[in-house]
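All remarks here apply to the structure that follows.
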Amino acid sequence: MTSKLVARKSDINGRGCFVTAPLPARKKIGELLSERITNREAERRVAKGGKVRICGLDNRWSIDASRGGDATAYINHSCAPNCFSRTTRGHLLFFALRDIAPGEEITLDYTPSQHPGRPCTCGAPNCRGVMK
Ligand SMILES: [Zn+2]
């Protein structure tokens, strides 16, 4: 069973992904289901600029989460994340890094991100200030 995820306004950036029920550490949060594209296409879209929600899967494939998907597409970056991702056989899965309380925003350390050098607004005490 997975906790319910909702996308709503985030203090970090735009919309974020929030849980409605407590989530114990190591528990699966969900899977990023969206358009699968080649890394070459991902580079092309990143180069075009604008809002980019692309996650690298492996040395061949990426997922562009701006093309549909559920609330996991809105997981924001934090320098003090509460979730981590794993890639298994072409699937990008998110797991709780620690116990997460209802109403908490799910965050992931994007490093390495598709937009290094951009200012980071995560607000964590240990925030690096810029995206890596
Ligand atoms: Zn930060």
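Ligands are counted one by one from 1 in listed order, and the atoms in each one are counted from 1 as well.
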What are the protein N/O/S atoms, named by residue and atom, that sit under 2.8 Å from the Zn ion (ligand 1)?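 C79 SG, C120 SG, C122 SG, C127 SG, with waters left out.
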
Going by heavy atoms in the side chains, are [X] and [Y] under 4.5 Å from each other?
X: R40; Y: R44; answer: yes
X: C120; Y: V130; answer: no
X: V19; Y: I106; answer: yes

All salt bridge (charged side-chain N to carboxylate O under 4.0 Å, His left out) counterparts of D109, not counting sequence neighbours: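 Partners of D109 by the salt bridge (charged side-chain N to carboxylate O under 4.0 Å, His left out) criterion, ordered by chain and then number, come out as R128.
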
For F94, what residues pass the ring pair (Phe, Tyr, Trp, His ring centres under 6.0 Å) criterion, not counting sequence neighbours?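 Applying ring pair (Phe, Tyr, Trp, His ring centres under 6.0 Å) to F94 gives none.
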
Result block: side-chain N/O donor-acceptor pairs under 3.5 angstrom for residues 79-92, not counting sequence neighbours:
unit_1, atom_1, unit_2, atom_2, d
N82, OD1, T107, N, 2.8
N82, ND2, E104, OE1, 3.4
N82, ND2, E105, O, 2.9
H91, ND1, E31, OE2, 2.5

